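Quick notes on the structure that follows.
Keep in mind that this is a model prediction, so the values were computed, not measured. Just so we're on the same page: letters track the sequence lines, and every chain starts at 1. Values reported hereafter were calculated over all heavy atoms of this structure, with side chains retained and with hydrogens, waters and symmetry mates removed.
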Amino acid sequence: MGKMIREQSLPGLLLTLLCLALVSWSAGSQEPQQEQASEKLASEEQASQEQANQELASEELVGGIQGSTETEENAQPAKPDTSTWLCELCPYNYGLSGNILIGAQYVSDDFFEFGNFRGLEDEGVFADADVDLQYRTEQADYIRIYGENLGIDSRTLTAKGGRQGVYGVWLEYDEIPYYRADDTQTVFTGAGTANQVLPPDWVRADNSDEFSALQSSLRDVNIRQQRQSAGLGFAFYLPEHWHYRADFKRTTKQGDRIQGAAFIFRASELAAPVDYETTQINIAIGYGRDRWELEAGYNLSIFDNRDQALRFENPFTGIFGASLGEMAREPDNEFHQFTLSGSWRQSRWLSLAGQVAFGFIDQDQQFLAATVNPNLINPDLPRTNLDGEVNTRAMRLRLTSNPFNRLTARAQFTYDKRDNDSPRDSYVQVITDTFVTDARINEPFSHERYNVDTSLDYRLFSFLKLSGSFKHQETKRVLQEVRNTDTQLYSFRIQATPFHRLSLSVDLNRENRDNDLDPALLGPQENPSLRRFHFAEKDRDSLRATLDYAILDNLYAGLYMEIADEDYQDTQIGLSDARDESYGLDLSATFGEHISAHAFYARESLKAVIRGADNITGAAWQAQTDDDFNTLGFGIDFIELPGKWVRAVLDFSYATADGDIRIDKQRSNSPAFPQLETERFTLEASLERELYNNLNLRFAYLVARLTEDDFFRDDVNPATVPTLLSLGEGTPDKTVHVISATLRYTFQ
Amino acid sequence: MYTCRKMTFALTGGSLLSLMLLCTLVGAVEAAAGDEELPDYSSAGADTCLKCHGDDESAHLLALFDGPHGVIADERTPMGASQCESCHGPGGEHAARVGFRQQRPPMPAFGPNALWSKQRENEVCLGCHQDPARRFWDGGTHQSQDVSCVDCHSIHTRRDPVTVQSSQPEVCLGCHTRQRAEIHRAYTHPLRFGEMACSDCHQSHGSPNEFMLESMTINQNCYQCHAEKRGPYLWEHAPVTEDCTLCHRTHGSNHPALLTRRAPLLCQQCHSRSGHPSVGRTGEALPDGSPSVFLLSGSCLNCHSQVHGSNHPSGAMLNR
């Protein structure tokens, strides 16, 4: 595959790059006057421009027309003498400004799923506090403090300070709660920890409906996690073209999650512990001049799992005395990556940007024993840890040329490699701590991917732009039945503005993927007709059309449509067809400076066909999945109201999804699955009124409803499935109201 | 067929490259548009502007002076340079007296009936904002689709909403309407709740990576927050190492864990009979029939719960 790239794509690409460079040079030489004028202007303003151009900080970098290479081509008026521009009318605001908001909010019910990501899962009264403060001096020193939801578990707080354009430091703290279920129950003592044991009076049985001590042993366990991140960083913008930045972030995630734990044909659902810590450090040093910049960076990510094993007892009568099992938790790992990035903008005719990255992942977590079943011979391990190492390589190169106003050409090459260099050894398998079986050799998967992407945008008329692109992708894999896939993507786009109120765009795409499948590598255990969808041969056609229309000067409408059709022509077992359709309508309106409104509706349908067979000679079956989504919303925002009412906001959203799964099976007339349904709506309203000069009172109301029908979980109690002791997670069906009253104090 | 496709690719790719070359050459022959004479600057800079735009009706514009662009002590800012005309262009003509029934000429950039194109307005911003984050702006998706800096950024404000985590999605989703619908689904990342920003994953100023991602690969992007999935595991699950989105729909799904579809069908897309028969489960396996561990609760994951990989010596079947 790499050979093919070299033989077919790269010469063409390199030739094009070379020609673009020549054209760029020649175009420049054809316009000596402009270039001279540009150079003259550039020399006049070099000092200020270079300083402005090489300094960064997206938030803080500012400047203006002087720095624009485009405008250098145009005749310039005499540069004004700004020393006489006193800006006496400018309302600079030094000192403290901003506001703090503090009050209380009442939640009407316990509703765990409503609290997910919000942090309002319990009934009761909670603090409602936000802060948005800024302190500035005439010398451009500043401190900014911004925080939201400070009274609840979804709080965010950021503090930034420094001297604008010279240096900046920042601190940040963030919490994200993830609440999944509070109706779950377990019999295990130590639920949510790394050691889960059965109650002393537990009586094992072959099936869950025979557990005599089940009801007396069940206790509530919530499935929830809390993510907390704390970070700090700094950046220096020095006048000698250099910049430095570094940031550090530590994130912890603690709680539990649902995890299956099996003993051959029996399984239990556990509240497995989650106790992770991730440390990230990013450092970069850069140098920039007027037309080019270069940056070297280092990224470090260290993952530390406080639990290396999860040990659990078998509630079922274990085969071969398998009464205890142990699972490995996610291993500690480290990722190091070095990057070198840069860009060169010779002129508008030619710009070049690129990035290369070298990285490696290390993992040397100590192995657990092959089994914890004392009745079995514990096989020797070939090593005490994996000593795993994955090398990553990546390269990005983009060349863009805008040889004249109507035309933009782009060529891009990308390369990615994940090279898993971990040692391969033979490990005797003890299946679910129950019996010893043959040895297996581990398979460290690696892959390598090339992309070559070329595109042209041509503005045929002022109201019509045509774009065409071609992309070629090749992926090489090891240890899989498909070694090479080869994908071509052809795209064509029309963008039109037939009159100033209307703009249209249509995108057409065609994708073909081939592979070099060797069915023999599927292995004797798989159905030889299986084609795995992520590298199966595929044709994909897609169409996207959008329309934006200004119905009135203050009323806008937008429509979009997307259709994608996938055909896996060689697949008899596996995903064989997929079709996505999506349609949407948007309306937005403004009424004067102070009132804005919006509304939207979207409909999406995701269909797929999966073919299978119970066994090679077993009954063939075909599954059709069909997920339909409807989403609508509207909102209105009054920024100023008559009298002392300051602001009013109303926002409503409604989303529903229906999922159908139909199995057609030969020689079978089986009952159908019920429909999967999710439905939620949220209505939020707030009203703010001025009480005194700097003090406002804000009322807010939120009502939300969430319902779900999910036959995978509904009516599945801990003992419903004879071979499964489940946590009995159900689906939500509740409405909750939140009322808040807060005071906003404004510093001016 | 494989060879045939390669030939097709060679022909098509070659044609496109040739076309690109041709257009570029044609472009070189066509001289750039002629010089355009700009009007003069105003006589007193911002003081000239604020005589008209400093009243109550223009109060929303004055928030500029609370924001990072309105810092006179920072010489790189508009207010530290040519003030309002740093961005809006020379305003002498706009500020000059106009005759009776004569229409006031517009400012060159950024305003009602502005003279300059979006591309040229962008050049004003990019003239200063040439930091590494904009390295791939040229030729990027937003640039080629004529997105203007001010389509997303508010300059006359104390705090640009697109730079705040909780308000950024509203800005992005104003155009990305399909994604707006997706984040309203039952299972999503916490964008709807202000706990995550689009820019946590995407580089809106141009990226050479798939889907304009911040990180160089999809998986690297996911590992930023889900580092526990990074491995390498002793027993890897091949698609997991390659692309998280093969199983997960990142903007939202009606299936738990943002999965593209439910197990067992999710797994049966790629697994047939290895280990045990790949039975097409029907309504018979529901609680009112013969409830099956192969269908209900976690389905395949009831046993094969280590789908992201296992580091247990006996974990080849991803159940330890």
Using heavy-atom distances under 4.5 Å, tell me whether [X] contacts chain B through its side chain, its backbone, both, or neither.
| X | result |
| --- | --- |
| S726(A) | side chain |
| N420(A) | side chain |
| I661(A) | side chain |
| E88(A) | both |
| Q365(A) | both |
| R680(A) | side chain |
| S341(A) | both |
| T432(A) | both |
| L368(A) | both |
| T156(A) | side chain |

Answer yes or no: is there a side-chain heavy-atom contact under 4.5 Å between [X] and [Y]?
| X | Y | value |
| --- | --- | --- |
| H184(B) | F600(A) | yes |
| S297(B) | R713(A) | no |
| F193(B) | S154(A) | no |
| R76(B) | Q164(A) | yes |
| E242(B) | R418(A) | no |
| S301(A) | R230(B) | yes |
| V716(A) | P287(B) | yes |
| R118(A) | E195(B) | no |

>> Using every non-hydrogen atom in the two residues, find where G298(B) and E269(A) come nearest and quote the distance to one decimal.
In response: N-OE2, 3.9 Å
> Looking only at heavy atoms, which two atoms of L286(B) and A672(A) are closest? And how far apart?
Replying inline: CD1-O, 4.4 Å
> Would Q165(B) and E148(A) count as a side-chain hydrogen bond (donor to acceptor under 3.5 Å, both in side chains) if you check the C-alpha gap in whole Å, the side-chain angles of each, and the deciding distance to 0.1 Å?
Replying inline: CA-CA 10 Å; Q165(B) 176 177 280; E148(A) 293 180 17; over 6 Å; no
>> Using salt bridge (charged side-chain N to carboxylate O under 4.0 Å, His left out), reason through E293(A) and R135(B) one step at a time and then give a plain yes or no.
In response: CA-CA 9 Å; E293(A) 53 87 19; R135(B) 179 180 294 133; 2.7 Å; yes
Between [options], which has the largest tally of heavy atom pairs under 4.5 Å with chain A?
| options | answer |
| --- | --- |
| L246(B), L62(B), D160(B), D288(B) | L246(B) |
| K51(B), M317(B), Q268(B) | Q268(B) |
| I72(B), N219(B), D243(B) | I72(B) |
| N319(B), N302(B), L296(B) | N302(B) |
| V164(B), L265(B), T217(B) | L265(B) |
| R192(B), H60(B), Q224(B) | R192(B) |

Mind checking the [atom1]-[atom2] spacing from [X] to [Y]? Nearest 0.5 Å is all I need.
| X | Y | atom1 | atom2 | value |
| --- | --- | --- | --- | --- |
| E85(B) | T82(A) | CD | OG1 | 10.5 Å |
| H255(B) | D627(A) | NE2 | CG | 3.5 Å |
| L724(A) | C303(B) | CG | SG | 8.0 Å |

In terms of heavy-atom proximity below 4.5 Å to chain A, should [X] be classed as side chain, backbone, both, or neither?
| X | result |
| --- | --- |
| L301(B) | backbone |
| T260(B) | backbone |
| Q145(B) | both |
| Y233(B) | both |
| H271(B) | both |
| C49(B) | neither |
| H304(B) | neither |

>> What verdict does the side-chain hydrogen bond (donor to acceptor under 3.5 Å, both in side chains) test give for S314(B) and Q429(A), after you've listed the backbone C-alpha separation in whole Å, the side-chain angles of each residue and the deciding distance to 0.1 Å?
In response: CA-CA 5 Å; S314(B) 297; Q429(A) 295 295 292; 4.9 Å; no
Flag, side chain of [X] to backbone of [Y], donor-acceptor distance under 3.5 Å:
| X | Y | answer |
| --- | --- | --- |
| W85(A) | A81(B) | no |
| Q269(B) | L575(A) | no |
| R320(B) | A370(A) | no |

>> Does N405(A) form a side chain to side chain contact (heavy atoms under 4.5 Å, CB included) with R120(B)? I'd like the steps, not just the answer.
In response: CA-CA 11 Å; N405(A) 281 336; R120(B) 193 162 168 196; over 6 Å; no
> Between R178(B) and Y560(A), is NZ or CZ placed under 6.0 angstrom from the six-membered ring centre and within 45° of the ring axis?
Replying inline: no
Under-4.0 Å salt bridge between [X] and [Y]:
| X | Y | answer |
| --- | --- | --- |
| R185(B) | E604(A) | yes |
| R273(B) | E526(A) | no |
| R180(B) | D586(A) | yes |

> Going by the angle between their ring planes, with limits at 30° and 60°, are W235(B) and Y427(A) parallel, tilted or perpendicular?
Replying inline: perpendicular
> F65(B) vs Y92(A) aromatic rings, parallel, tilted or perpendicular, using cut-offs 30° and 60°?
Replying inline: perpendicular
>> Run Q363(A) and N311(B) through side-chain hydrogen bond (donor to acceptor under 3.5 Å, both in side chains) and show every step you take.
In response: CA-CA 10 Å; Q363(A) 192 271 100; N311(B) 208 50; 3.0 Å; yes
> How would you list, by chain and number, every residue that makes a side-chain hydrogen bond (donor to acceptor under 3.5 Å, both in side chains) with D416(A), sequence neighbours excluded?
Replying inline: R396(A)
> Who are the salt bridge (charged side-chain N to carboxylate O under 4.0 Å, His left out) partners of D138(B), not counting sequence neighbours?
Replying inline: R345(A)
>> If you apply the rule side chain to side chain contact (heavy atoms under 4.5 Å, CB included), what do you find for I610(A) with R261(B), and how did you get there?
In response: CA-CA 11 Å; I610(A) 298 155; R261(B) 53 184 55 88; 3.6 Å; yes
>> Does either side chain, that of E228(B) or that of N305(A), offer a donor lying less than 3.5 Å from an acceptor on the other one?
In response: no
